[in-house]
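Quick notes on the structure that follows.
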Amino acid sequence: MEKRNTIQKKLVLDAVLRLADHPTAEQVYAEVVKEHPTVSKATVYRNLNGLSQSGVLRHIPMPDGADRFDHRLTPHAHIECTVCGRVCDAFVEDDTGLDAQVERQTGFRCATHELMFRGVCPGCAEAGA
């Protein structure tokens, strides 16, 4: 059983790496079943969650749509197109002062934060959206 699980994890991870554009679980599933049609959707979702929890992938919660997965683990922000939903990396200086400010305001001990920008991508802007 362990060997099969390892193979399934590899299939899911390879699909995320091939897609390399912050895919949704549905997109990862569609990529996996192209070559391995017997893999279930539940298996893909379970492995995406496991890979995220173990720190191999980054889970990006999306409040207004399907969550995304990122193979880049270094600290960075993201930007989402409000028209087409495309998500891209945004490499901006990490402001560690934000964590301290939030801690002072809330009393929480801040461990991490996610930064998501929103706007219109060049393709949608060019199309007049």
Any chain of hydrophobic side-chain contacts (each under 4.5 Å) joining M116 to V83? no
If you round to the nearest 0.5 Å, how far is CG of D89 from CD1 of I79? 11.0 Å
F108 atom CZ, neighbour heavy-atom count above 12 within 6.0 Å: no
Atom pair CG/CD of L11 and E31 - distance to nearest 0.5 Å: 11.0 Å
Report yes if the side chains of H76 and D70 come closer than 4.5 Å at any heavy-atom pair, otherwise no. yes
Is any side-chain heavy atom of R86 closer than 4.5 Å to one of H22? no
Looking only at atom types and distance, does a side-chain atom of Q27 sit under 3.5 Å from a main-chain N or O of T24, one as donor and one as acceptor? yes
Would you say that V44 contacts V33 through its side chain, given a criterion of any heavy-atom pair below 4.5 Å between the two side chains? no
By side chain to side chain contact (heavy atoms under 4.5 Å, CB included) - contacts of P61 (at least two apart): H59, D67
Which distance, rounded to the nearest 0.5 Å, do you find between the CG of D64 and the OG1 of T82? 10.5 Å
Could you tell me whether the side chain of Q8 reaches within less than 4.5 Å of the side chain of V32, counting heavy atoms only? no
Cluster link M62 to V16, ILVMFWY, side chain under 4.5 Å: no
Contact check, side chains of C84 and C121, non-hydrogen atoms, under 4.5 Å: yes
So, taking the atom named CG in L98 and the one named CD in E103, what distance separates them when rounded to the nearest 0.5 Å? 11.5 Å
Y29 reachable from L13 in the ILVMFWY side-chain graph, under 4.5 Å edges: yes
May I ask you to check whether over 12 heavy atoms, not counting those of R118, lie within 6.0 Å of atom CZ? yes
Are V12 and I60 grouped together when hydrophobic residues (ILVMFWY) are joined by side-chain heavy atoms under 4.5 angstrom apart? no
What's the spacing between L19 CG and F69 CZ if we round to 0.5 Å? 12.0 Å
Is it the case that one hydrophobic cluster holds both F117 and V102, taking links as side-chain heavy atoms less than 4.5 Å apart, direct or via other members? no
Residue pair A25 / Y45: nearest heavy atoms and the distance that separates them: CB-CZ, 3.6 Å
Just verifying a value: how many Å separate R72 CZ and L17 CG, rounded to the nearest 0.5 Å? 10.5 Å
If only side-chain N and O atoms count, and only distance matters, is there a donor-acceptor pair under 3.5 Å linking R58 with H78? no
